[in-house]
Amino acid sequence: MNFTSLPYRPQTRELMDRFLGYDRRLSAPEGSFVEMQGCSSDRYPMLSPRKPRGTILMKNLGRVTGAVMTAEGLYYTNGKHLYPYPSLGETGIDMGLTDSPKQMVRMGAYVLIFPDKKYINTVDHDDRGDIEAEFRTKDSVRFWICRPSGEDYAAEYVSPTEPADPVDRGVWINTADYPNTLHQWNEAAKCWVSVTTTCVKIFSMGIGKPFKAGDGITISGIKAAESIHDMNTGEEITEKQREQLEAIEGSAVILECDNDSIVIDGILDAHCVIPTVVTIRRSLPIMDFIVEHGNRLWGCRYGLDTAGEMVNILYASKLGDFRNWTVYRGIDTDSYYANVGSAGPFTGAIAWNYGDRVLFFKEDGFHTVSGGGPSSFRVDWTGCEGVQEGSGESLCELDGVIYYKSRLGVCAYSGTLPSDIGQALGDIRYQNAVGGVCGRKYYLNMADGNGIGHTFAWDPTVKLWHKEGGERAYRIIGSGEDAYLLTEGGYLKTIRGTEGVLEDKTTGKVRWMVQTGKLGTDHPDRKRLTRINVRLRLDRGSRFRLFIRYDSVGGWVQVCNLASADLRAYDFPVRIRRCDHCELRFEGEGPGEVQSIVKTYMMGGDRR
């Protein structure tokens with residue numbers, strides 16, 4: 001009897017024991033997943049769920065408008081109050097804030113709140129108030145010449161010619177010069193010595209209380225005075241004397257200060273009295289983004305300034321003084337500003353500590369400010385993919401690398417040109433991103449086109465993305481080995497669960513899920529996937545389910561459902577029916593790890 005000989009169909013096996021995180025690209029490498037929820041790279045190369053979040057319900061959290069981490073803990077704003085957590089988590093401090101988005105910057109022991117222009121000392125909460133200051137005189141205002149220390153000059157001679165028979169150390173105001181000059185007689189040398197530093201004292205009750213020596217101020221109201229008298233003679237001052245006095249109006253720096261007087265640069269040859277209101281103001285410019293670097297505050301502005309003029313400018317405060325932005329005396333502690341020529345609004349700013357410079361971003365590039373002082377500050381422009389508008393909070397520095405959300409992806413910058421590390425996130429367009437650092441990972445929360453939030457983690461040590469959650473966060477605030485997520489509903493969450501009630505004690509075990517791409521389409525010679533073997537380990541009480549979908553149609557078919565009663569490993573086979581391709585979905589609850597997947601292929605014919 002003759003029997004038909006069946007052809008031998010050889011089998012091959014492939015081991016997958018390196019799982020490569022979240023990757024939605026069509027050309028994603030084997031071991032990656034096109035869908036993911038609740039997974040982490042903590043146990044790479046194995047696939048494992050993230051740690052449970054810690055959840056803290058804050059009754060006053062509500063709509064968080066700003067947050068910053070300090071040495072004393074987390075500070076956040078809601079309405080007109082500032083809340084230090086955890087010291088005053090339920091009471092808060094009434095700062096008189098507006099209910100609008102805030103930028104909160106830490107500088108030493110101070111927290112600065114913009115655009116409200118408020119400050120508070122985190123060590124002494126009684127030390128708080130407005131960064132700006134203003135004083136409007138209520139009584140008459142007096143002006144006269146004095147020394148830089150505030151000591152009065154006794155000007156014995158006021159004339160356009162040299163006085164005859166002057167006394168030793170006598171003071172002469174030379175009215176022939178314009179502006180007038182001050183001289184002092186030196187009897188030993190028999191000559192007049194020019195006094196290069198001349199000052200004017202401004203006296204009015206309470207005028208110096210809001211200010212201190214070194215403040216940059218703006219003086220106004222002098223030119224509006226209809227009558228100005230010489231206090232010594234009671235007569236109206238001359239036109240030339242009025243010009244001297246009006247020259248004081250504008251920007252100045254306070255040299256000395258007490259409760260009722262301030263001393264500034266200037267010269268007068270009369271003791272003038274003004275009966276009208278004079279305003280002394282210390283102000284800040286309007287800024288889009290503010291950061292701290294090198295013991296200065298840095299800011300940028302594209303738009304109208306306080307005078308209503310269009311500007312495209314970078315600012316820096318006086319060294320060590322967040323209150324002063326208009327002090328220009330030609331020394332390295334001065335304030336600083338620089339006009340720039342790049343187009344479009346600013347979208348973010350960050351102090352790059354590793355590179356010792358400040359970066360101001362626009363959507364098509366960034367300005368870099370480097371140098372040790374105003375005389376050596378240098379502004380450069382780099383044209384590249386910048387920060388996406390609305391995603392300025394995504395800027396973070398981790399291990400000397402700056403990460404941020406751009407219009408087309410996620411970028412990493414280390415000193416040359418930014419590189420796109422977000423290709424694995426696919427073609428979904430995200431927006432309104434906020435970022436933070438937790439341990440050695442960069443966390444990024446952003447909204448898709450439907451406004452749904454997604455939390456991703458980038459691990460630079462293995463260069464992989466993982467999708468950890470679906471919540472919408474308004475801020476991610478790093479805190480050493482952990483980080484805070486400020487989310488909807490009045491919740492403050494810790495990413496690694498070091499504080500708060502762990503979610504596996506309130507909502508059950510951490511739920512996680514991954515979905516593979518199409519299996520069986522990447523082999524020639526009509527190879528067919530016939531079986532998979534999955535090896536995993538589950539902790540006690542954890543669950544694991546495996547689903548298969550064939551040829552991208554129909555529903556998911558459950559082929560495995562495990563509930564672990566003890567800590568143990570599982571190794572089970574799953575038969576795959578004849579198909580063109582298939583997809584796998586793993587779902588789990590609780591701690592565990594997928595250690596490997598073995599795929600068995602059989603050589604097929606021309607037909608599937």
Side-chain angles (χ1 to χ4, degrees), residues 103 105 107 110 112-119 129-137 143 148 197-202 207-223 246-257 261-266 278-340 346 349 358 360 369 371-377 379:
Q103 291 188 65
V105 183
M107 184 174 180
Y110 288 92
L112 314 170
I113 306 171
F114 298 93
D116 300 73
K117 301 177 181 179
K118 303 281 188 178
Y119 74 91
D130 295 308
I131 300 176
E132 293 185 320
E134 182 177 284
F135 183 83
R136 295 171 61 86
T137 60
F143 302 79
T197 303
T198 59
C199 303
V200 171
K201 179 178 284 190
I202 305 175
I207 195 173
K209 287 183 179 180
F211 309 104
K212 67 181 188 306
D215 280 357
I217 57 172
T218 301
I219 303 171
S220 60
I222 298 176
K223 295 180 180 179
E246 290 181 351
I248 295 173
E249 184 159 315
S251 298
V253 177
I254 297 177
L255 304 179
E256 289 292 334
C257 180
S261 67
I262 60 175
V263 176
I264 64 171
D265 290 325
V278 173
T279 301
I280 313 294
R281 179 175 173 80
R282 184 188 67 229
S283 60
L284 274 70
I286 301 173
M287 292 176 285
D288 300 323
F289 297 94
I290 306 100
V291 296
E292 185 277 332
H293 179 70
N295 204 20
R296 297 177 188 266
L297 285 188
W298 294 81
C300 57
R301 176 64 175 169
Y302 180 88
L304 300 180
D305 64 2
T306 53
E309 298 180 355
M310 182 67 190
V311 295
N312 189 12
I313 193 170
L314 310 179
Y315 297 102
S317 71
K318 182 182 175 183
L319 182 68
D321 189 349
F322 57 82
R323 296 176 176 88
N324 282 288
W325 298 75
T326 58
V327 177
Y328 308 110
R329 298 187 64 80
I331 56 179
D332 279 348
T333 61
D334 279 355
S335 311
Y336 173 79
Y337 72 90
N339 292 294
V340 296
F346 291 96
V358 184
F360 296 97
V369 184
S375 61
S376 61
F377 284 147
V379 180

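- Residues passing the side-chain hydrogen bond (donor to acceptor under 3.5 Å, both in side chains) test with Thr218, sequence neighbours excluded: none.
- Interatomic distance, Ile202 CD1 to Thr137 OG1, rounded to the nearest 0.5 Å: 10.0 Å.
- Taking Tyr315 as the reference, nothing meets the side-chain hydrogen bond (donor to acceptor under 3.5 Å, both in side chains) condition, with sequence neighbours excluded.
- Under the side-chain contact (heavy atoms from CB on, under 4.5 Å) criterion, Pro374 pairs with Arg296, Asp332, Asp334, Tyr336, Phe377, not counting sequence neighbours.
- In this structure, the ring-ring contact (aromatic ring centres under 6.0 Å, His included) partners of Tyr110, at least two apart in sequence or on a different chain, are Tyr119, Phe322.
- Legend: residues meeting side-chain contact (heavy atoms from CB on, under 4.5 Å) with Pro148, ordered by chain and number and at least two apart, are Thr197, Cys199.
- Asn312 places a side-chain N or O within 3.5 Å of a backbone atom of Val340 that can act as its donor or acceptor partner.
- Applying the side-chain contact (heavy atoms from CB on, under 4.5 Å) test to Cys257 and every residue at least two apart in sequence or in another chain returns Phe211, Ile254, Ile262.
- Applying the salt bridge (charged side-chain N to carboxylate O under 4.0 Å, His left out) test to every pair with at least one member in residues 246-255, sequence neighbours left out, gives these pairs: Arg242-Glu246.
- Listed for the Lys318 side chain is a donor-acceptor partner under 3.5 Å among the backbone atoms of Gly214.
- With sequence neighbours excluded, no residue satisfies side-chain hydrogen bond (donor to acceptor under 3.5 Å, both in side chains) with Lys201.
- Partners of Val253 under the side-chain contact (heavy atoms from CB on, under 4.5 Å) rule, at least two apart in sequence or in another chain, are Val327, Arg329.
- Applying the salt bridge (charged side-chain N to carboxylate O under 4.0 Å, His left out) test to every pair with at least one member in residues 212-223, sequence neighbours left out, gives these pairs: Lys212-Asp215, Lys212-Asp321, Asp215-Arg282.
- Under the 3.5 Å distance criterion, the side-chain polar atoms of Gln103 are left unmatched by any main-chain donor or acceptor of Val291.
- Scanning for side-chain hydrogen bond (donor to acceptor under 3.5 Å, both in side chains) contacts around Thr198 gives an empty result, with sequence neighbours left out.
- Scanning both residues, Ile290 and Val105, for their nearest heavy atoms gives O-CG2, 3.5 Å.
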